[in-house]
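None of these values were measured; they are calculated from a predicted model. First listed ligand is number 1; within each ligand, the first listed atom is number 1.
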Amino acid sequence: MLHPRAWLLTLTLTVLTFPAFPAAAASPASARPPSLDPRLSPDRRAELALRAMTRDEKLSLVFGYFGTVMPEKHYAPPPQARPGSAGFIPGIERLGLPPQWETDAGLGVATQRASRDAFRERTALPSGLSTAATWNATLAREGGAMIASEARASGFNVLLGPGLDLVREPRGGRSFEYAGEDPLLAGEIAAAQIRGIQSQHVIAVAKHYALNDQETGRNVFSADISQAAARESDLLAFELAIEQGRPGAVMCSYNRLNGVHACESEWLLERVLKGDWGFAGYVMSDWGAVHSTVRAALAGLDQESGYVFDSQPYFGAPLRAALSSGRLPAARLDEMARRILRSMFAVGVVDHPDDAASAAIDFASDRRVAQEDEEEGIVLLKDAGGVLPLSRTAKELLIIGGHADRGVLSGGGSSTVFPVGGNAVPQPGNAGWPGPPVYLPSAPLGSIMGEAPRINIRYLDGSDTAAAARAAARADRVVIFATQWAAESLDVHMTLDGDQDKLIAAVAAANPHTVVVLETNGPVLMPWLGKVAAVLEAWYPGSGGGAAIARVLFGEVDPSGRLPVTFPASLEQLPHPVLPGAGVPDGQPFDIHYTAGAAVGYKWFQQHGLQPLFPFGYGLTYTRFRYGDLRTRVTAGQLTVSLTVTNIGSRRGAAVPEVYVGPVSQLATVSWEAPRRLGGWSKVTLPPGGSATVAIRVDPRLLAVFDANHHRWQRAAGAYHVWAGDSSASLELASEVRLAAWSHDALWPSHAGAGK
Ligand code: BGC
């Protein structure tokens, strides 16, 4: 597989034909453009601005430059671009329209790997999967607001995230950027992130639309899936995120969908996104995802991004020529510009112009936001014999591996945040694609020592398995950190890196009180699971990760994360045991038949009666909860489920009651992709003995199927199961409810434009 950044090095373009950077025409001081009146609606303001614009100005708005110097391409971005940034679109000064300064991404403010400029040191959230594992939209919103405030303080007003492609493929190298395998969970978490980002007057970009669910062959593969299955799975996640979050922009993806490039798919962009969902923002391309001018523009692409990644400046001179020759109507250029302007007004980019490219950032406070996110995202997968929480009175604690003495791992590619204090495990050459791995200087070892000052704590790096096992035999308790690095453009095996499985097995054989802390992209196989006492999934833990892990280990924080992805027990359980495209020569197109359809993750497992290693929605706590009193209420055709949660353990903790729904009769099951779907959840923190009743509204689309022939959501009349419990595979409460037939056309009523 070849990343576009790699093609760049191999292409030998000598002459680049940029559209001229528009000259900033002076505006007479007296004539304040009417579009700057904040009392007017974003639509009206966009219209007024558009009317005042020349064709050149409109053209400048739809063409984005890469923001980083590339000497090998003889490319330098416009001088106003932020150094080392992802993108830049010139402003129109005479109309009071600021430039669009774009930065990656959903986990924090990144600097391009290719940058020769100083890397910005910023705060990294834990991985997207960790945030999804919190099942806590409030935290997701706070995280979004935090990274957007750093973006703004760094001179950016467009943040290229969040990512929410469903984790269909557990080996996908960007799983760490996304929000899990379930459309409801991913959609709600991403919506909250979007709201947080845009609260800082920074445009959020929901990406990568759509079905870019693996990295292998991402520029050339075609995701082949029926319209109905797409609508009930990956597209439903985007639908919910867009409806509830109202992002200013959506980024179309590299891959093809049913043979058509995503950025030229009229069905994806015009029909579904802008038509059915009423999306009023703009569609920008991924960097290098444009393949045509007129076709892409007519399909609904509004802005080409990151030129020089595309092989031509499709929305530069060729777009101008297409307009002059009439191959593209002028009205379409107006529409493209209007959408961009509308989002700039709606999100507040115009009313809050960037004034400080390096405003002060309160890193200590931002790190606390990241830490809190991680504390709730860590999932306790196993806790046998009560080894956790660790006792502060143990004599000797041995910590092994994972560079736990230095920091915590993060994922690679465009989303990598360079941390305050630099890479804790520096590698030769900081640039390069998509690595080298960056460790955030939040060392678990130091935080563990802080938690337990009276324990004798030793650290071994794990490079000598025999020595680690010998030391383990003498320790009271062992905590072993294990890692899996993944990155944009690289899929991974569902395993830990290197020989870490052997190391864990040897250490666990020497000491049964071994706790494993995983820092992984996503699911991994655990051949040693039966031998260790406890396992924590800490994902990529973010800038406050070391402290968060230590606090969970010692019980300062009760683990309350729940898996947003299924952990398979073997590759054979996957819809594609062999990764699609494996062995296909770079650049050669191939098709991925999404035979699972909408049955992604746990739905696939349940449909096929497969026992995963750990199911979706699963996670232990240090206390225990009892669920009871399951009730259903149907008001005006709308199902609400309520239940009571009681903390029956002896510690404070957070329960995540999950509600699942599915049809009872075989007849109705015919068109459901799987026996059950997540219908909703709640998260509630309770003291010992505490009890709460939660009410969970089930979105009608989750009880319906998408009927592509009639272009509508349709629910069959009949009996439906309602289950509640603490994972997709452990549902202690069950009930049935009769629902009437219901249908709704695909145009959902509550959809509206960005920001407002
Ligand atoms: C990635 C996008 C990213 C863009 C800009 C692309 O390679 O797929 O997610 O926003 O680069 O860096």
Side-chain angles (χ1 to χ4, degrees), residues 1-9 64-70 75 77 81-89 100-115 119-120 127-128 147-148 151 154 156 158-165 172-179 190 193 197 202-221 238 247-255 261-263 283-290 303-311 411-418 431-435 486-491:
M1 86 221 80
L2 205 57
H3 181 263
R5 283 171 176 81
W7 321 328
L8 281 175
L9 303 174
Y65 296 87
F66 187 41
T68 298
V69 177
M70 298 204 81
Y75 172 78
R82 306 295 184 210
S85 69
F88 174 77
I89 294 96
Q100 295 158 61
W101 283 289
E102 298 171 327
T103 183
D104 286 302
L107 310 179
V109 178
T111 305
Q112 287 290 316
R113 292 278 185 170
S115 177
F119 284 65
R120 281 175 196 84
S127 69
I147 59 173
S154 315
F156 294 104
V158 180
L159 190 63
L160 304 172
L164 65 148
D165 296 84
R174 298 185 89 171
S175 300
F176 73 91
E177 291 188 53
Y178 300 147
Q193 289 166 329
I197 292 167
V202 171
I203 291 175
V205 183
K207 72 185 189 185
H208 308 88
Y209 185 69
L211 288 125
N212 185 175
D213 299 328
Q214 69 170 51
E215 295 301 285
T216 303
R218 66 175 174 165
N219 298 296
V220 291
F221 76 72
F238 276 93
V250 166
M251 185 190 290
C252 52
S253 54
Y254 284 129
N255 57 290
H261 287 293
C263 293
V283 177
M284 68 163 74
S285 62
D286 201 342
W287 274 229
V290 187
Q303 188 180 64
E304 178 177 16
S305 304
Y307 189 73
V308 291
F309 278 86
D310 291 315
S311 58
S414 59
S415 70
T416 306
V417 177
F418 292 87
W433 175 265
E488 176 181 347
S489 77
L490 287 179
D491 290 324

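Contact between His208 and ligand 1 is present, with at least one heavy atom of the residue lying under 4.0 Å from the ligand. Ligand 1 lies within reach of Tyr254, whose nearest heavy atom is under 4.0 Å from it.
Counting heavy atoms from C-beta on, the side chains of His208 and Arg218 never come closer than 4.5 Å. Here the side chains of Pro434 and Leu490 are in contact, with some heavy-atom distance below 4.5 Å. Side-chain atoms of Val205 and Glu102, non-hydrogen and from C-beta on, never get closer than 4.5 Å to each other. Side chains of Gln112 and Asp104 form a contact here, defined as non-hydrogen atoms less than 4.5 Å apart.
Qualifying salt bridge (charged side-chain N to carboxylate O under 4.0 Å, His left out) partners for Asp165, counting only residues two or more places apart in sequence or in other chains: none.
The shortest N or O to N or O distance between Gln112 and ligand 1 is below 3.5 Å. By the 3.5 Å distance cut-off applied to N or O atoms, Lys207 is counted among the residues near ligand 1.
Against a heavy-atom cut-off of under 4.0 Å, Leu160 is close to the following atoms of ligand 1: 10 (O). Every atom of ligand 1 with a heavy atom of Arg218 under 4.0 Å away is listed here by number and element: 7 (O), 8 (O). When each atom of ligand 1 is checked for a heavy atom of Met251 under 4.0 Å away, the hits are 10 (O).
Residue Arg174 touches ligand 1 through its side chain alone, judged by heavy-atom distances below 4.0 Å.
Between Trp101 and Phe88, the ring planes lie tilted relative to each other; the angle falls in the 30° to 60° range.
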